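Predicted model only: the values in this text are computed from it and were never measured. Every heavy atom of this structure was used, including side-chain atoms; hydrogens, water molecules and symmetry mates were not.
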Amino acid sequence: MHIDGTEFGSITIDGKRYDHDVVIRSGRIEKRRKKLSKAEYGTSHIISKSEAKWVFEDGCDLLIIGSGQEGNVRLSPEAIAYLDKKRCRVSLRPTPEAIAAFNRAAGHKIGLMHVTC
């Protein structure tokens, strides 16, 4: 799976454009369940433990998070602790940089890409 690029409000993966945040794992592209974080923090810019649990899958050793075009997304302390416990490294970068990292990374990886701010 190859991420072709992003612009504000969209991401293109294998030639298909998505106009929403996405999670890429096990060869599938899913719409991000940002309501899990909004319910706890009132915003999707803080990733909650419940969203981290939904995103993570056994065997994943790298979660690459595209934090938005301007880098506004971050992990909650509880999400960081959960992913640490699962021994999953996290790379949090502005989405354009996260795309490059995702495309280069090998192994069992997951991508969570925020496509706006």
Side-chain angles (χ1 to χ4, degrees):
M1 191 161 298
H2 179 80
I3 304 175
D4 304 317
T6 186
E7 57 188 45
F8 191 91
S10 71
I11 189 166
T12 303
I13 304 168
D14 289 336
K16 183 173 180 189
R17 181 182 160 126
Y18 297 86
D19 294 325
H20 52 75
D21 293 0
V22 297
V23 173
I24 306 162
R25 59 183 168 189
S26 297
R28 296 183 326 269
I29 302 165
E30 300 177 64
K31 187 172 185 179
R32 179 183 167 207
R33 293 188 184 174
K34 57 187 175 182
K35 289 182 181 180
L36 294 169
S37 294
K38 273 189 168 184
E40 190 163 343
Y41 296 106
T43 180
S44 62
H45 289 149
I46 303 171
I47 298 173
S48 67
K49 180 180 178 182
S50 59
E51 186 175 0
K53 282 182 165 185
W54 177 77
V55 168
F56 179 79
E57 62 186 8
D58 285 337
C60 176
D61 56 3
L62 176 60
L63 170 60
I64 299 170
I65 300 174
S67 60
Q69 306 300 329
E70 299 171 16
N72 289 327
V73 171
R74 59 189 167 92
L75 288 162
S76 68
E78 296 81 11
I80 292 169
Y82 171 78
L83 293 165
D84 282 348
K85 184 178 176 184
K86 294 294 187 178
R87 297 188 178 154
C88 181
R89 292 176 297 125
V90 176
S91 173
L92 180 71
R93 306 169 184 208
T95 301
E97 294 176 27
I99 287 171
F102 184 88
N103 287 337
R104 283 190 313 267
H108 191 161
K109 62 187 175 187
I110 296 174
L112 184 159
M113 302 294 163
H114 182 67
V115 298
T116 58
C117 49

(message) For Ala98 versus Gly66, what's the shortest heavy-atom pair and its separation?
(response) CB-CA, 3.5 Å

(request) Calculate, to the nearest 0.5 Å, the distance between atoms OG and NZ belonging to Ser48 and Lys53 respectively. (result) 10.0 Å

(message) Within this structure, what is the CD-OG1 distance for the pair Gln69 and Thr6, rounded to the nearest 0.5 Å?
(response) 4.0 Å

(message) Assigning hydrophobic clusters by single linkage (Ile, Leu, Val, Met, Phe, Trp, Tyr; side-chain heavy-atom cutoff under 4.5 Å), is Trp54 placed with Leu75?
(response) yes

(request) Using a strict cut-off of less than 4.0 Å between a Lys/Arg side-chain nitrogen and an Asp/Glu carboxylate oxygen, indicate whether Glu30 and Arg25 qualify as a salt bridge. (result) yes

(message) Please tell me whether Ile80 and Leu36 are part of a single hydrophobic cluster in this structure, the criterion being side-chain heavy atoms less than 4.5 Å apart.
(response) yes

(message) Testing the basics here: between Val55 and Ile110, what is the closest heavy-atom pair and its distance to 0.1 Å?
(response) O-CD1, 3.3 Å

(message) Under the side chain to side chain contact (heavy atoms under 4.5 Å, CB included) test against Val90, which residue among Ile47, Ile65, Leu112 passes?
(response) Ile65

(message) Tell me every residue that passes side-chain contact (heavy atoms from CB on, under 4.5 Å) with Ser76, counting only those two or more places apart in sequence or in another chain.
(response) Tyr41, Ile46, Glu78, Ala79

(message) Using 0.5 Å steps for rounding, measure from the NZ atom of Lys49 to the OG atom of Ser37.
(response) 13.0 Å

(message) Which heavy atom of Phe102 sits nearest to which heavy atom of Ile64, and what is that distance?
(response) CA-CD1, 3.5 Å

(message) For the backbone of Val115 and the side chain of Asp21, can you confirm whether one donor and one acceptor N or O come within less than 3.5 Å of each other?
(response) yes

(message) Do Cys117 and His45 make a side-chain contact, defined as non-hydrogen atoms from C-beta onward lying under 4.5 Å apart?
(response) yes

(request) Search all heavy atoms of Ile13 against all heavy atoms of Asp4 and return the closest pair with its distance. (result) C-OD2, 3.7 Å

(message) Donor-acceptor check, side chain of Asn103 to backbone of Ile3, threshold 3.5 angstrom: yes or no?
(response) yes

(message) Please determine whether the number of non-hydrogen atoms from other residues, nucleotides or ligands lying under 6.0 Å from atom CZ of Arg28 exceeds 12.
(response) yes

(request) Working to the nearest 0.5 Å, report the span between SG of Cys60 and CZ of Arg87. (result) 14.5 Å

(message) Hydrophobic cluster membership, with links at side-chain heavy-atom distances under 4.5 Å among I/L/V/M/F/W/Y: are Tyr82 and Leu62 in one?
(response) no

(request) For Lys31 and His20, indicate whether the former's side chain and the latter's backbone hold a donor-acceptor pair under 3.5 Å. (result) no

(message) Using the rule that Ile, Leu, Val, Met, Phe, Trp and Tyr join whenever any side-chain heavy atoms are under 4.5 Å apart, tell me whether Val73 and Phe56 fall into a single cluster.
(response) yes

(message) Using a 3.5 Å distance criterion without hydrogens, assess whether the side chain of Asp14 forms a donor-acceptor pair with backbone atoms of His2.
(response) yes

(request) Look at the side-chain heavy atoms of Ile, Leu, Val, Met, Phe, Trp and Tyr, link any pair under 4.5 Å apart, and say whether Leu92 and Leu63 land in one connected group. (result) yes

(request) Could you tell me whether a side-chain N or O of Thr12 sits under 3.5 Å from a main-chain N or O of Arg17, the two making a donor and an acceptor? (result) no

(request) Would you indicate whether the side-chain heavy atoms of Ile29 and Met1 approach each other to under 4.5 Å? (result) yes

(request) Mind listing the closest non-hydrogen atom pair of Thr95 and His114 along with its distance? (result) OG1-O, 2.6 Å

(message) Applying side-chain hydrogen bond (donor to acceptor under 3.5 Å, both in side chains), can you list everything that pairs with Arg93, at least two apart in sequence or on another chain?
(response) Ser91

(message) Can you tell me which residue among Lys38, Arg32, Lys35, Lys34 is in a salt bridge (Lys or Arg N to Asp or Glu O under 4.0 Å) with Glu51?
(response) Arg32

